[in-house]
Amino acid sequence: MSLERQRLPPGFAGNLADSFVKARRDLGRSDPHVLAGNAEAEYRAISQERGEFRAPFFGEMHRLLFPDATVWREDSPASPVVHILLLHYLLTADGTLPSGEWVPFRQVPNAFPYDQAFTQRAIVPLARTFGQDLEAFRRAARAAGGETARTADASFYFRVLPHLPMLVQ
C-alpha cells in the first residue's frame with residue numbers, strides 16, 4: 001500500500017480513496033488563494049505552507065485543511081463523500097456564477113458518465129421514498145433547508161455550495 005493511501009482519513013476505500021489521493025495531490029499543487037477566489041470560499045494561511053479553507057456546504061460551514069485536504073464539519077471529520085465533493089468543487093470552480101438556468105445532471109460538464117449512478121443513488125431513492133406524496137416531499141425538503149422554487153407542483157432550491165445550487169422537483 002502506498003504512503004498516500006496509508007494517510008487517508010477514516011472511511012475511505014476503493015474509488016473514493018483513489019479519487020481522494022488524486023484530489024489531495026492536485027490541491028497541493030494549486031495556489032490556495034486562487035482556488036478560494038474561484039470558489040467563493042475563505043482561505044486563511046496558518047503558515048507559509050499550511051492553511052484552511054472555509055466554505056458552506058448545504059448551509060453548514062466546513063473547513064478544509066491545506067494541503068492535507070481533510071474536511072471537518074465543526075469538530076468532526078466529514079464523510080468521505082463530502083471530502084470528495086468539497087475537494088472537487090475547490091479544484092474545478094472557475095469563478096463562474098450560476099446562470100439561473102437549470103440543467104439536468106447529465107448535462108453538467110463531465111457528469112454524463114456518472115448519470116446512471118446518480119439516478120440510482122439520488123433519483124430512485126427520492127421516488128421510492130415520496131412517490132406521489134408531495135406533502136411529505138415538501139416537509140422533508142423544507143427540513144433539509146430547501147427554499148420553494150415554484151418550477152413544479154413541488155420544487156425546492158438548495159444552496160449546495162457557493163456557486164453550485166441544486167433544484168429538486
Side-chain angles (χ1 to χ4, degrees), residues 4-5 7-27 35 38-41 53-65 68-74 76-94 96 98-169:
E4 283 185 323
R5 287 188 65 100
R7 299 181 318 142
L8 292 173
F12 279 89
N15 291 342
L16 283 177
D18 295 339
S19 186
F20 178 79
V21 167
K22 181 186 180 315
R24 178 173 50 198
R25 191 176 324 123
D26 292 347
L27 182 72
L35 296 179
N38 287 343
E40 198 177 315
F53 293 96
R54 292 177 51 80
F57 178 67
F58 276 102
E60 295 184 347
M61 194 58 68
H62 285 67
R63 297 179 298 124
L64 188 148
L65 303 181
D68 34 346
T70 54
V71 177
W72 296 79
R73 185 184 143 269
E74 297 180 7
S76 314
S79 73
V81 170
V82 172
H83 271 81
I84 298 302
L85 288 172
L86 284 172
L87 277 165
H88 283 211
Y89 174 71
L90 276 173
L91 290 166
T92 61
D94 64 4
T96 302
S99 69
E101 293 183 34
W102 297 106
V103 296
F105 176 80
R106 71 177 93 37
Q107 291 179 6
V108 171
N110 303 314
F112 184 77
Y114 307 102
D115 187 51
Q116 185 175 4
F118 176 76
T119 298
Q120 291 304 310
R121 293 180 182 160
I123 310 266
V124 169
L126 280 170
R128 278 190 195 134
T129 301
F130 300 108
Q132 297 300 313
D133 191 346
L134 296 182
E135 197 49 48
F137 172 69
R138 287 182 185 109
R139 284 191 306 272
R142 286 184 192 109
E147 302 170 38
T148 303
R150 302 192 200 301
T151 59
D153 290 341
S155 57
F156 291 85
Y157 169 89
F158 294 87
R159 298 170 193 268
V160 179
L161 290 158
H163 292 176
L164 185 65
M166 178 177 67
L167 178 70
V168 180
Q169 54 186 18

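The side-chain heavy atoms of Leu35 and Leu27, taken from C-beta on, include a pair separated by under 4.5 Å.
Applying the side chain to side chain donor-acceptor pair (under 3.5 Å) test to Asp68 and every residue at least two apart in sequence or in another chain returns Arg50. Under the rule for a side-chain contact (heavy atoms from CB on, under 4.5 Å), the partners of Pro80 that lie at least two apart in sequence or sit in another chain are Phe12, Leu16. Looking at residues two or more places apart in sequence or on another chain, you find a salt bridge (Lys or Arg N to Asp or Glu O under 4.0 Å) between Glu135 and Arg138. Looking at residues two or more places apart in sequence or on another chain, you find no side-chain contact (heavy atoms from CB on, under 4.5 Å) involving Ala127. Legend: residues meeting side chain to side chain donor-acceptor pair (under 3.5 Å) with Arg106, ordered by chain and number and at least two apart, are absent. In this structure Tyr114 satisfies the ring pair (Phe, Tyr, Trp, His ring centres under 6.0 Å) test with no other residue, sequence neighbours excluded. Every residue two or more places apart in sequence or in another chain that forms a side-chain contact (heavy atoms from CB on, under 4.5 Å) with Ser79 is listed here: Val81, Val82. Not a single salt bridge (Lys or Arg N to Asp or Glu O under 4.0 Å) links Arg142 to another residue, sequence neighbours left out. The ring pair (Phe, Tyr, Trp, His ring centres under 6.0 Å) check on Phe130 picks up Phe137, with sequence neighbours excluded. Residues satisfying the ring pair (Phe, Tyr, Trp, His ring centres under 6.0 Å) criterion with Phe58, sequence neighbours excluded, are absent altogether. In this structure Asp133 satisfies the salt bridge (Lys or Arg N to Asp or Glu O under 4.0 Å) test with no other residue, sequence neighbours excluded.
Residue-environment remark: CD (Gln107) exceeds the threshold of 12 foreign heavy atoms within 6.0 Å. The number of heavy-atom neighbours closer than 6.0 Å to CG of Asn110, taken from other residues, nucleotides and ligands shown, is 12 or below.
Classification of Lys22 and Asp18 as a salt-bridged pair fails, no side-chain N sitting under 4.0 Å from a carboxylate O.
The backbone N or O of Asn15 sits nowhere less than 3.5 Å from a side-chain atom of Ser19 that would complete a donor-acceptor pair. A donor-acceptor contact shorter than 3.5 Å links the side chain of His83 to the backbone of Ala78.
Taking all atoms of both residues into account, the shortest heavy-atom contact from Leu64 to Leu90 is CD1-CD1, 3.8 Å. Shown here for Leu8 and Arg24, the closest heavy-atom pair between the two residues is CD2-NH2, 4.3 Å. Nearest heavy atoms, Leu86 versus His62: CD1-CB, 3.7 Å.
Glu74 contributes atom CD, which lies 10.0 Å from atom CZ of Arg63 (distance to the nearest 0.5 angstrom).
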Identify every side-chain donor-acceptor pair in residues 153-169 under 3.5 Å, counting partners at least two apart or on other chains, and give the distances.
residue, atom, partner, partner atom, Å
Ser155, OG, Arg150, N, 3.3
Ser155, OG, Thr151, N, 2.9
Ser155, OG, Thr151, OG1, 3.1
Ser155, OG, Ala152, N, 3.3
Arg159, NE, Glu147, OE2, 2.7
Arg159, NH2, Glu147, OE1, 3.3
Arg159, NH2, Glu147, OE2, 3.4
His163, ND1, Asn38, O, 3.4
His163, ND1, Thr96, O, 3.4
His163, NE2, Glu40, OE1, 2.8
Gln169, OE1, Thr151, OG1, 2.6

